[in-house]
Amino acid sequence: QVQLVESGGGLVQTGGSLRLSCAASGRTFSRSAMGWFRQAPGKERELVAALSGVGSMTYYSDSVKGRFTISRDNAKNTLYLQMNSLNPEDTAVYYCAARNNPIYSTTYYGWNYWGQGTQVTVSS
């Protein structure tokens, strides 16, 4: 079982940066695939970045490639999302997620654990 708690959201101007953190607890954290989803008002929850639990395979949605970086620190049981060059389209609630599998899923289906979400608002 895995428990996830996000932090680091807030209000930032266009072009600014934020770093989200996800503190994880659980016996399989280092072997679990981890990801960041976001959900904007009126839109479906979408995967923006994912990291495999084995090796260092990553996934980024087209809209965030080159701007966001996902990483993890297994010693601290923490997942990060560095977000640079933010724009208003990035405004959403961001959720940390984990799977009972070292390989990530690129869809909502298959993610077993979720954090409570942290709001990111980018003003224009």
Side-chain angles (χ1 to χ4, degrees):
Q1 302 296 316
V2 177
Q3 294 179 319
L4 308 171
V5 180
E6 305 99 330
S7 62
L11 175 64
V12 65
Q13 296 183 49
T14 296
S17 298
L18 285 173
R19 189 189 191 193
L20 305 183
S21 298
C22 173
S25 61
R27 56 181 175 269
T28 61
F29 173 76
S30 64
R31 295 179 174 85
S32 299
M34 303 289 293
W36 289 97
F37 286 76
R38 68 184 181 187
Q39 188 165 22
K43 296 186 177 181
E44 296 293 321
R45 189 172 299 188
E46 63 174 342
L47 179 68
V48 297
L51 181 66
S52 65
V54 177
S56 58
M57 298 182 67
T58 58
Y59 166 86
Y60 296 98
S61 67
D62 290 341
S63 63
V64 309
K65 286 181 180 177
R67 300 189 297 120
F68 290 10
T69 303
I70 188 171
S71 63
R72 69 197 298 165
D73 185 336
N74 287 331
K76 296 181 178 180
N77 288 341
T78 302
L79 181 75
Y80 303 99
L81 184 68
Q82 179 66 47
M83 305 185 294
N84 299 324
S85 301
L86 288 164
N87 58 65
E89 289 70 40
D90 297 315
T91 295
V93 177
Y94 284 72
Y95 298 90
C96 177
R99 299 189 71 206
N100 290 327
N101 194 299
I103 306 302
Y104 56 75
S105 169
T106 58
T107 69
Y108 175 85
Y109 177 82
W111 293 89
N112 306 105
Y113 307 101
W114 298 88
Q116 82 284 2
T118 185
Q119 176 70 230
V120 172
T121 302
V122 185
S123 64
S124 59

Trainee: Just wondering, do R38 and V64 contact through their side chains at under 4.5 Å, heavy atoms?
Mentor: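 Yes, their side chains come closer than 4.5 Å.
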Trainee: Can you measure from CG (L81) to OG (S71) and round to the nearest 0.5 angstrom?
Mentor: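 So the CG of L81 and the OG of S71 are separated by 8.5 Å.
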Trainee: Hydrophobic clustering (ILVMFWY, side-chain heavy atoms < 4.5 Å, transitive) - are M34 and Y60 grouped together?
Mentor: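 Yes; M34 is reachable from Y60 via cluster members.
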Trainee: Could you check whether the rings of Y108 and W114 sit parallel, tilted or perpendicular, using 30° and 60° as the cut-offs?
Mentor: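 It falls in the parallel class, under 30°.
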Trainee: Within 45 degrees of the ring normal and closer than 6.0 Å to the centroid, is that where the cationic atom of R45 sits relative to Y95?
Mentor: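 Yes, R45 and Y95 form such a contact.
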Trainee: Is there a side chain to side chain contact (heavy atoms under 4.5 Å, CB included) between Y80 and R72 once you walk through the steps?
Mentor: CA-CA 6 Å; Y80 303 99; R72 69 197 298 165; 5.9 Å; no
Trainee: Is Q116 reaching over with its side chain to a backbone N or O of E6, donor-acceptor style, under 3.5 angstrom?
Mentor: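 Pair found, side chain donor or acceptor close to backbone of E6.
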Trainee: Quick one: closest heavy-atom pair of S124 and P88, and the distance?
Mentor: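 The answer is CB-CG, 3.7 Å.
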Trainee: Is the backbone of S25 close enough, under 3.5 Å, to the side chain of N77 for a donor and an acceptor to pair up by distance?
Mentor: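 The answer is no, because no donor-acceptor pair under 3.5 Å joins these two groups.
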Trainee: Hey, what do you get for NZ (K65) to OG1 (T58), rounding to the nearest 0.5 Å?
Mentor: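 Answer rounded to 0.5 Å: 9.5 Å.
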Trainee: Is any side-chain heavy atom of R67 closer than 4.5 Å to a side-chain heavy atom of D90?
Mentor: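 Of all side-chain heavy-atom pairs linking D90 with R67, at least one is under 4.5 Å.
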Trainee: Look at the side-chain heavy atoms of Ile, Leu, Val, Met, Phe, Trp and Tyr, link any pair under 4.5 Å apart, and say whether L4 and V93 land in one connected group.
Mentor: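 No, L4 does not connect to V93 through the hydrophobic network.
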Trainee: Quick check: do Y104 and Y59 have side-chain heavy atoms less than 4.5 Å from each other?
Mentor: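 Contact flag for Y104/Y59 side chains = yes.
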Trainee: Write down the atom of S105, the atom of Y109, and the distance for their closest heavy-atom approach.
Mentor: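 Closest approach of S105 to Y109, heavy atoms only: OG-O, 2.9 Å.
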Trainee: So E89 and T91, do their side chains get closer than 4.5 Å, heavy atoms only?
Mentor: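 Not in contact.
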Trainee: Might you work through the side chain to side chain contact (heavy atoms under 4.5 Å, CB included) test for V2 and N112, ending with a clear yes or no?
Mentor: CA-CA 9 Å; V2 177; N112 306 105; over 6 Å; no
Trainee: Show the nearest heavy-atom pair for residues I103 and A33, with the distance to one decimal.
Mentor: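 That would be C-CB, 3.7 Å.
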Trainee: Are S52 and P102 side-chain neighbours, meaning at least one heavy-atom pair lies under 4.5 Å?
Mentor: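 No, their side chains stay 4.5 Å or more apart.
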Trainee: Please tell me whether V120 and L47 are part of a single hydrophobic cluster in this structure, the criterion being side-chain heavy atoms less than 4.5 Å apart.
Mentor: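 As far as the 4.5 Å side-chain criterion goes, L47 and V120 are not connected within one cluster.
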Trainee: Measuring from atom CG of L86 to atom CZ of F68, what distance do you get when rounded to the nearest 0.5 angstrom?
Mentor: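 Those atoms lie 5.0 Å apart.
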Trainee: When rounded to the nearest 0.5 angstrom, what distance separates CZ in R31 from CG in N74?
Mentor: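 The distance works out to 9.5 Å.
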Trainee: Side chains of W111 and F37, heavy atoms from C-beta outward: is any pair under 4.5 Å?
Mentor: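 Yes. Closest side-chain heavy atoms under 4.5 Å.
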Trainee: Do any side-chain atoms of residues 11-22 form donor-acceptor pairs under 3.5 angstrom with protein atoms, and if so which ones, sequence neighbours left out?
Mentor:
from	atom 1	to	atom 2	distance (Å)
T14	OG1	S123	O	2.8
S17	OG	N84	OD1	2.9

